[in-house]
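Both backbone and side-chain heavy atoms feed into the values below; hydrogens, waters and symmetry mates do not.
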Amino acid sequence: MLCDVPCSGLGILNRKPEIRYKENLLDSELPELQYRILCNNAKHTAVGGILVYSTCTLNPAENRENAERFLNEHKNFEPYIIDVGVKRCIDEPENTLTLIPGINPTDGFYIAAFRRVSL
C-alpha cells in the first residue's frame with residue numbers, strides 16, 4: 001500500500017521555486033492530515049503487507065515524526081527495512097530513507113516502510 005501524501009514540497013524547490021512563496025508553507029495542520037491518511041491506509045493493509053509512506057519534503061514534522069508516531073501507536077506494524085542500494089545521507093532507522101538533492105541524484109524525498117504483522 002502506497003501513501004504518497006500531500007506535503008509542503010520542500011524537497012522539490014529546485015524544480016518548483018514558486019513553492020517558497022506559498023502561504024503557510026509549513027502548515028501546522030499538514031502533518032496531522034498526512035498522519036490520518038497513513039492510518040486510514042493502514043486499515044486496508046493485509047497482514048504481511050507492506051505500507052509505504054512517502055513525501056517530497058525534508059520537513060521532519062511531515063516525515064520522521066509521523067513515522068515514529070505511527071509505529072508507537074500501531075503495534076500491529078513493524079519497521080520494514082528499505083535496502084535499495086541508495087547512499088544514505090543521514091543517520092536514520094533502516095525502515096526510512098531520506099533522499100537529499102546534491103547527495104542523491106534526485107529531488108528531496110522521504111520514504112518510510114512498515115509491515116503489518118497482525119490484525
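Under the side-chain hydrogen bond (donor to acceptor under 3.5 Å, both in side chains) criterion, Y35 pairs with E73, not counting sequence neighbours. Legend: residues meeting side-chain hydrogen bond (donor to acceptor under 3.5 Å, both in side chains) with T45, ordered by chain and number and at least two apart, are absent.
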> Hey, mind stepping through R69 and E65 against salt bridge (Lys or Arg N to Asp or Glu O under 4.0 Å) and telling me if it holds?
Replying inline: CA-CA 6 Å; R69 179 180 174 192; E65 292 173 22; over 6 Å; no

>> Could you go through N76 and L119, starting from their C-alpha distance and side-chain angles, then the distance that decides it, and tell me whether this counts as side-chain contact (heavy atoms from CB on, under 4.5 Å)?
In response: CA-CA 6 Å; N76 56 337; L119 292 175; 6.0 Å; no

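Counting only heavy atoms from C-beta outward, the side chains of I111 and T96 never approach each other to under 4.5 Å. You'll find the side chain of L33 reaches within 4.5 Å of the side chain of P6, heavy atoms only. Side-chain contact check for I100 versus I90: some heavy-atom pair is nearer than 4.5 Å. Between R88 and I82, some side-chain heavy-atom pair lies under the 4.5 Å cut-off. Using a 4.5 Å cut-off on side-chain heavy atoms (C-beta onward), R64 and P93 make no contact. Side chains of Q34 and Y53 form a contact here, defined as non-hydrogen atoms less than 4.5 Å apart.
Scanning both residues, G9 and I19, for their nearest heavy atoms gives O-CD1, 3.6 Å. Taking both residues in full, the closest heavy atoms of P101 and N14 are given as CB-ND2, 4.1 Å, listed atom of the first, atom of the second, then distance. Pairing each heavy atom of E92 with each of L97, the nearest pair is OE2-CA, 3.4 Å. Contact record, S118 with V47: C-CG2, 3.8 Å, taken as the closest heavy-atom pair. Across all non-hydrogen atoms, the minimal contact from P79 to L71 is CG-CD1, 3.8 Å. The two residues R15 and D107 make their nearest non-hydrogen contact at NE-OD2, 2.5 Å.
Under a hydrophobic clustering in which Ile, Leu, Val, Met, Phe, Trp and Tyr are joined whenever their side-chain heavy atoms come within less than 4.5 Å, directly or via other members, I12 and L10 fall into the same cluster. Two different hydrophobic clusters hold V52 and M1 under the rule that ILVMFWY side chains link at heavy-atom gaps under 4.5 Å. The cluster map of Ile, Leu, Val, Met, Phe, Trp and Tyr, joined by side-chain heavy atoms under 4.5 Å apart, puts I50 and I37 in different clusters.
Within the 3.5 Å criterion, the main-chain N or O of T106 finds no donor-acceptor partner in the side chain of N104. In this structure, the side chain of N40 does not engage the main chain of R36 through any donor-acceptor pair within 3.5 Å. Checking side-chain atoms of R116 against main-chain N and O of A42 turns up a donor-acceptor pair under 3.5 Å.
Annotation for E32: atom CD counts as buried by contact number, over 12 foreign heavy atoms lying within 6.0 Å. The neighbour count for D83 CG, taken as heavy atoms of other residues, nucleotides or ligands under 6.0 Å away, does not exceed 12.
Of the inter-residue distances, the one linking D4 atom CG with C56 atom SG reads 7.0 Å to the nearest 0.5 angstrom. Distance check: T98 OG1 to N63 CG gives 6.5 Å after rounding to the nearest 0.5 Å. To the nearest 0.5 angstrom, T55 atom OG1 is 11.5 Å from L38 atom CG.
Counted by atom type alone, E62 and S8 present one or more donor-acceptor pairs between their side chains at under 3.5 Å.
Applying the ring-ring contact (aromatic ring centres under 6.0 Å, His included) rule to pairs touching residues 93-119 yields F70-F114, sequence neighbours excluded.
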